[in-house]
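So the structure is just underneath, and the comments pick up after that.
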Amino acid sequence: MVKTTVSLIKADIGSVAGHSVVAQPLFEIAKRRLKEAQKSGLINSFYVFNAGDDLELLMTHFKGENHSEIHKLAWDTFLACTKKAKELKLYGAGQDLLSDAFSGNVKGLGPGVAEIEFEERGSDPVVVFAADKTEPSAFNYLLYRIFADPSNTAGLVIDPKMTGGFKFEVLDAYEDKSVILESPKELYQLIALIGATSRYMVSKIWRTSDNEIVSVSSTTKLSLIAGTYVGKDDPVCLVRGQSGFPSVGEIIAPFQHTYLVAGWMRGSHWGPFMPVGLKNSKCTVFDGPPRIVCLGVQIANGKLSADDDGNPLIVDFFEDVAFDGARQEAIQMSQFLRRMGEFEPARLGPEAMEYTTLPQVLKTLEPRFKKNK
Ligand code: F6R
Ligand code: MG
Ligand code: MG
């Protein structure tokens with residue numbers, strides 16, 4: 001049985017009016033490139049969208065995860081978009097392409113990647129999350145709610161296929177090592193780790209009873225690749241739903257409320273994670289607040305299910321009025337936090353600020369300090 005792979009590869013390669021939104025001409029270039037790749041048979045289907053200033057390439061194919069031709073397609077698409085972004089002098093043109101040399105895989109070169117490979121079931125809903133002005137660990141709380149919290153996911157209690165729980169792969173971003181923990185057996189240890197969002201991020205989740213893969217997130221830490229601040233890592237995450245996995249409604253339910261994530265202006269502030277529809281997928285106030293879009297797709301025979309003209313059937317979940325309450329909360333929290341200006345905890349703590357431009361400012365003051373007698 002041939003397996004289907006869903007690849008979501010993304011990069012910020014320039015945006016219009018600062019770090020706000022991907023420019024229309026870049027969408028056109030990306031769509032043209034992916035259309036050609038579809039015609040040549042490299043990919044089976046695609047959808048191009050944006051999360052704020054990040055260009056998102058959603059693709060389906062039969063090549064498996066980490067396939068060099070798929071990664072090269074994404075890389076070349078980002079390069080072509082960068083060329084246009086430079087012509088138009090868009091802001092941050094090519095900012096996430098941290099290397100000139102592609103060598104088989106975009107991982108470690110700047111773009112973010114989430115890829116999930118599975119044998120298709122009778123029907124396969126996939127939920128696609130993409131965020132701007134925050135980091136991969138912003139999904140820790142979301143994934144905990146979906147896969148480990150029975151007050152969010154009724155299926156953990158009611159569906160016998162899920163009562164065995166889920167296994168989480170947790171990555172230590174600083175030491176580049178990972179550990180697998182089982183929920184509910186090791187739930188408290190899991191929270192002990194993934195509650196520390198500055199260091200640990202959830203990378204993969206499997207259903208414990210049969211090791212079936214159910215979620216994959218991007219885990220790039222750009223600052224750790226580049227050694228300095230180069231924008232936040234603006235993560236993506238794929239979640240499979242239904243028939244023994246959390247239902248689509250359970251997967252999106254955590255966003256009835258906002259919660260705080262690190263990023264926002266200059267990657268240096270706590271901000272409320274605001275669910276938005278694609279129409280509002282642009283950053284505004286204080287370069288934010290951090291935004292998340294969420295699309296629903298169906299996978300059929302290696303493709304995104306599509307209409308008769310071949311246009312993929314996409315559901316823009318966060319466009320719905322059911323998320324208006326969370327948006328209102330996020331707006332109020334933004335106002336509250338911004339009233340505190342550059343005072344912690346509105347600003348991130350010293351460890352996170354190491355990877356920003358603040359240390360350069362503090363360095364100029366060093367010679368003026370006098371030891372107290
Ligand atoms: C956040 C982000 C922006 C910039 C800010 C300053 O990830 O990219 O908030 O940090 O707009 O940008 P520069 O220093 O380029 O003017
Ligand atoms: Mg940007
Ligand atoms: Mg971005």
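When a ligand or atom number is given, it counts from 1 through the structure's own listing order.
Protein N, O or S atom count below 2.8 Å of the Mg ion (ligand 2): the structure gives 3.
Nearest-residue assignment for atom 6 (C) of ligand 1 (options Arg266, Glu135, His19, Gln95; heavy-atom criterion): Arg266.
Listed by number with element, the atoms of ligand 1 under 4.0 Å from a non-hydrogen atom of Lys133 are 1 (C), 7 (O). Close approach of ligand 1 to Trp264 (heavy-atom distance below 4.0 Å) involves ligand atoms 1 (C), 9 (O).
At a 3.5 angstrom cut-off on N or O pairs, Asp287 counts as close to ligand 1.
Using cut-offs of 30° and 60° for the angle between ring planes, the Tyr259 and Phe273 rings count as perpendicular. Below 30°, between 30° and 60°, or above 60°: for Tyr141 and Tyr144 the angle between ring planes is between 30° and 60°, a tilted geometry. Phe166 and Phe147 have perpendicular rings, their planes meeting at more than 60° on a 0 to 90° scale where under 30° would count as parallel.
In this structure, Arg338 satisfies the cation-pi test against Phe286, with its NZ or CZ atom closer than 6.0 Å to the six-membered ring centre and inside 45 degrees of the ring normal.
Using a distance-only test at 3.5 Å, with no hydrogens or angles considered, no donor-acceptor pair links the side chain of Ser334 to the main chain of Pro289.
In this structure, Val239 and Phe129 have side chains that are in contact, with non-hydrogen atoms separated by less than 4.5 Å.
Not a single heavy atom of Phe286 sits under 4.0 Å from any atom of ligand 1.
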With a cut-off of 3.5 Å and sequence neighbours excluded, list every side-chain donor-acceptor pair involving residues 112-126.
| residue | atom | partner | partner atom | Å |
| --- | --- | --- | --- | --- |
| Glu115 | OE1 | Asn66 | N | 2.7 |
| Glu115 | OE1 | His71 | NE2 | 3.2 |
| Glu115 | OE2 | Ser7 | OG | 2.6 |
| Glu120 | OE1 | Asn301 | N | 2.7 |
| Glu120 | OE2 | Thr4 | OG1 | 2.6 |
| Glu120 | OE2 | Asn301 | N | 3.3 |
| Glu120 | OE2 | Gly302 | N | 2.6 |
| Arg121 | NE | Asp124 | OD1 | 3.0 |
| Arg121 | NH1 | Gln242 | O | 2.9 |
| Arg121 | NH1 | Ser243 | O | 3.3 |
| Arg121 | NH2 | Asp124 | OD1 | 3.4 |
| Arg121 | NH2 | Gly241 | O | 2.8 |
| Ser123 | OG | Gln298 | NE2 | 3.0 |
| Asp124 | OD1 | Arg240 | NH2 | 3.1 |
| Asp124 | OD2 | Arg121 | N | 2.6 |

Using residues 365-373 as the side-chain source, report each donor-acceptor pair under 3.5 Å to any protein atom, sequence neighbours left out, with the distance given to one decimal.
none

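Listed by chain and number, the residues in a side-chain hydrogen bond (donor to acceptor under 3.5 Å, both in side chains) with Glu344 amount to none (sequence neighbours excluded).
Counting heavy atoms under 4.0 Å from ligand 1, residue Tyr91 touches it through the side chain alone.
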